[in-house]
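Because the structure is predicted, anything quoted here is derived from the model rather than measured. Proteins get letters first, then strands, A, B, ... in listed order; numbering begins at 1 in each.
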Amino acid sequence: DTAVSQTPKYLVTQMGNDKSIKCEQNLGHDTMYWYKQDSKKFLKIMFSYNNKELIINETVPNRFSPKSPDKAHLNLHINSLELGDSAVYFCASSQDAGRDEQFFGPGTRLTVL
Amino acid sequence: AQSVSQHNHHVILSEAASLELGCNYSYGGTVNLFWYVQYPGQHLQLLLKYFSGDPLVKGIKGFEAEFIKSKFSFNLRKPSVQWSDTAEYFCAVNASASGGSYIPTFGRGTSLIVHP
């Protein structure tokens, strides 16, 4: 009974390719997030959706496009991948418009060659 | 914009030593405070949280944190660490924003290594 799941767990691809990461939560939460964790473990928020509406959109290249087909899913599509996109991407969810704690997925390790 | 500072980036302790990790934030409005832990190769998990009430909060695995409003601080403590506490520790602040939502901000994390 995984609360927040992500696929794939590992993603290795060439520069210039387009890839997607999927996230699903079965907690009934309203709010979902995408974070990027770099090699120094710094965790930076990228996007947040509340009830399928984008509420946080940090300074992220427009090659990154989130999509929330419903409250339980938040996918991340990345176009024209660059070396600097290599990182671990975490999905998370929370209740109460983000007031409460976040539940994190297992992460997707993206390696761009 | 709010920010969260964790002053200790790397901490190395021996088992049974006491631990205190500093966390300061900059935001004058309503905040909810959290400490998360990330064990090697795993995702982040909640250690403890503070919304209101008693400023000394207790979490899992013997951890506690104290909210000092005047110092904008939320330091994490544990009286006696164990080897299994080796992990990354993140302080996080959820600050109220327009529209009733909250925006989370994480500190840069503290890497704790406990030697057996």
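A continuous path of Ile, Leu, Val, Met, Phe, Trp and Tyr side chains, each step under 4.5 Å between heavy atoms, connects F63(B) with Y50(B), placing both in one hydrophobic cluster. Hydrophobic clustering keeps F103(A) apart from F106(B) (ILVMFWY residues linked when any side-chain heavy atoms are closer than 4.5 Å, directly or through intermediates). If you chain together hydrophobic residues whose side chains sit under 4.5 Å apart, F72(B) and L48(B) fall into the same group. Grouping the Ile, Leu, Val, Met, Phe, Trp and Tyr side chains by contacts below 4.5 angstrom, directly or via other members, places W34(A) with F64(A). Both V57(B) and I60(B) are assigned to one and the same hydrophobic cluster, defined by single-linkage of ILVMFWY side chains at heavy-atom distances under 4.5 Å.
Chain A forms the most heavy-atom pairs under 4.5 Å with one residue out of H43(B), Q42(B), Q45(B), and that residue is H43(B). Ranked by non-hydrogen atom pairs under 4.5 Å with chain A, the options L44(B), I103(B), T105(B), T30(B) are led by L44(B).
Contacts between Y35(A) and chain B at a heavy-atom distance below 4.5 Å involve the side chain alone, from C-beta outward. Looking at Q38(B), the atoms closer than 4.5 Å to chain A (heavy atoms on both sides) all sit in the side chain, from C-beta outward. With a 4.5 angstrom heavy-atom cutoff, L46(B) touches chain A only via side-chain atoms. Both the backbone and the side chain of D100(A) come within contact range of chain B, judged by heavy atoms closer than 4.5 Å. Proximity to chain B (any heavy atom under 4.5 Å) is restricted, for I45(A), to the side chain, taken from C-beta onward.
Looking at Y36(B), its side chain does come within 3.5 Å of a backbone N or O of Q102(A) through a donor-acceptor pair.
Counting heavy atoms from C-beta outward, F90(B) and Q37(A) have side chains that approach closer than 4.5 Å. Counting only heavy atoms from C-beta outward, the side chains of I56(A) and P104(B) approach each other to under 4.5 Å.
For E15(B), the CD atom is densely surrounded, since the number of other residues' heavy atoms within 6.0 Å is greater than 12.
Between H9(B) atom NE2 and K40(A) atom NZ the span is 10.0 Å, to the nearest 0.5 Å. In this structure, E88(B) CD and F42(A) CZ are separated by 12.5 Å, a value rounded to the nearest 0.5 Å.
Using a 4.0 Å cut-off between charged side-chain N and carboxylate O, E101(A) and K49(B) make a salt bridge.
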